[in-house]
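Take a look at the structure below.
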Amino acid sequence: MSPLSKLSRSISGKVALVTGGASGMGRATAHLFSDEGDRVDVVVGEITDAGGEALGCVRDVGDPDDVAALIDDVVGRFGALDILVNNAGISRPAGASSPADQFEAAWASTLDVNLTAQVRLIRAALPYLQASGAGRVVNIASTEAIVATAGLAAYTASKHAVVGLTKSMAVELGRLGVTVNCICPGPINTAMTAAIPEEAKETYARRRVPLRRYGEPEEVAHMTLALALPAASFVNGAVVVVDGGMTIRH
């Protein structure tokens, strides 16, 4: 009996670029994509040891020249680029009462990495994503795009802006056959949250997260994969929250 479904749930043979892939959600995404038969640009040692195909690049996504070189690296190695995951991000605390030099430095660097780098990468990758015929962009934002934390003005502003960028690019690039979607992870066990004491994490999760725990990087990676699948061809401009129900709790 022939299958009733027509859309593929496989990314086998596709080429993906995952920024910020050395740890946390980026690393989990790179590993998951490789497990699914994708050719990935990151975390080379672990992926190749497991039998996957990967290219590792050390580039500064805040540098326009490095962004262009990164795309050239990927296409030069694999001959194509089908999926772009904008995962790289930083958080530098600074608020309204912070010293001027501290605030200005935090604002400039955070917006450059968390927002400007994403649009630079999309623009640089666009010819190849369009040539793919089913290009996918997944931007990683944060629940800070929905709620806010005191003292993180730059980080919160950048994540709100990523949602806006996603929607704008989805409208513009949809007619070119490229979908652009966004994921907003909540409390996840990553390097960015590693400094928080475990007791504090447990208390926060019990009080704020209906699932009563922090999420794991792979749980975000699976949503990233879902948005990159050929079967997700009609999902465009979506903002998907992965937070265990945190932002809906009254």
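Throughout, numbering of the chain's residues begins at 1 and tracks the sequence.
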How long is the straight-line distance from CD of Q118 back to OG of S158, given to the nearest 0.5 Å? 8.5 Å

Distance, nearest 0.5 Å, that separates CE of M25 from CG of N189: 11.0 Å

So, for I71 and A125, which heavy atoms are closest and what is the spacing to 0.1 Å? CD1-CB, 3.9 Å

Drop me the distance from T203's OG1 to I196's CD1, to the nearest 0.5 angstrom. 11.5 Å

Kindly indicate whether the side chain of D82, heavy atoms from C-beta on, has any atom under 4.5 Å from the side chain of L129. no

Derivation of the side-chain contact (heavy atoms from CB on, under 4.5 Å) call for I183 and L227: CA-CA 9 Å; I183 294 176; L227 293 174; 3.8 Å; yes

Applying side-chain hydrogen bond (donor to acceptor under 3.5 Å, both in side chains), which residue pairs with at least one partner in residues 97-106 are found, sequence neighbours left out? none

Sequence neighbours excluded - ring pair (Phe, Tyr, Trp, His ring centres under 6.0 Å) pairs with any residue from residues 94-120: F103-W107

Kindly indicate whether the side chain of I90, heavy atoms from C-beta on, has any atom under 4.5 Å from the side chain of S109. yes

Between D243 and T247, do the side chains contain a donor N or O and an acceptor N or O under 3.5 Å apart? yes

Measure the CZ-CG distance between F234 and L7 for me, rounded to the nearest 0.5 Å. 11.5 Å

When clusters are formed by joining ILVMFWY residues with side-chain heavy atoms under 4.5 Å apart, either directly or through shared neighbours, do V239 and M223 land in the same one? no

Over all atoms of both residues, closest heavy-atom pair of A80 and V15: O-CG1, 3.3 Å

Transitively linked via ILVMFWY side-chain contacts under 4.5 Å: I11 with V220? yes

Scanning both residues in full, the closest heavy-atom pair of S132 with L81 reads CB-O, 4.1 Å

Taking salt bridge (charged side-chain N to carboxylate O under 4.0 Å, His left out) as the test, write out the residues that go with R213, two or more places apart. E219

Checking the side chain of T193 only, and the main-chain atoms of I188 only, is there a donor and an acceptor separated by less than 3.5 Å? yes

Examine distances only and state if a side-chain atom of R249 and a backbone atom of R207 form a donor-acceptor pair shorter than 3.5 Å. yes

Going only through I, L, V, M, F, W and Y residues with side-chain contacts under 4.5 Å, is there a path from L32 to V240? yes

Can you see which heavy atom on R206 is nearest to which on R212, and at what distance? CD-NH2, 3.4 Å

Report yes if the side chains of C184 and V163 come closer than 4.5 Å at any heavy-atom pair, otherwise no. yes

Report yes if the side chains of I122 and N86 come closer than 4.5 Å at any heavy-atom pair, otherwise no. yes

Please tell me whether L126 and F78 are part of a single hydrophobic cluster in this structure, the criterion being side-chain heavy atoms less than 4.5 Å apart. yes

Name every donor-acceptor pair, under 3.5 Å, that has one atom in a side chain of residues 165-179 and the other anywhere in the protein, sequence neighbours excluded.
{"unit_1": "T166", "atom_1": "OG1", "unit_2": "N139", "atom_2": "ND2", "d": "3.0"}
{"unit_1": "T166", "atom_1": "OG1", "unit_2": "V162", "atom_2": "O", "d": "2.8"}
{"unit_1": "R175", "atom_1": "NH1", "unit_2": "E172", "atom_2": "O", "d": "3.2"}

Are side-chain heavy atoms of R9 and P230 found at a separation under 4.5 Å? no

Below 4.5 Å, heavy atoms only, C-beta onward: do T19 and V85 meet side chain to side chain? no

Taking all non-hydrogen atoms of both residues into account, name the closest pair between N114 and A88 and its distance. OD1-O, 4.3 Å

Pairwise salt bridge (charged side-chain N to carboxylate O under 4.0 Å, His left out) hits with a residue in residues 110-139, at least two apart: D112-R120

Any side-chain heavy-atom pair from T224 and I140 closer than 4.5 angstrom? yes

Quick one: pull up OH in Y214 and OG1 in T190 and give me the separation to the nearest 0.5 Å. 9.0 Å

Members sharing Y155's hydrophobic cluster, built from side-chain contacts under 4.5 Å between Ile, Leu, Val, Met, Phe, Trp and Tyr, are L152, M192

Check whether any side-chain heavy atom of H222 sits under 4.5 Å from a side-chain heavy atom of V242, and report yes or no. no

Check A238 against N181 and note the closest heavy-atom contact, atom names and distance. N-OD1, 2.8 Å

Within the 3.5 Å criterion, strictly below it, is a donor on S10 or E36 matched to an acceptor on the partner's side chain? no

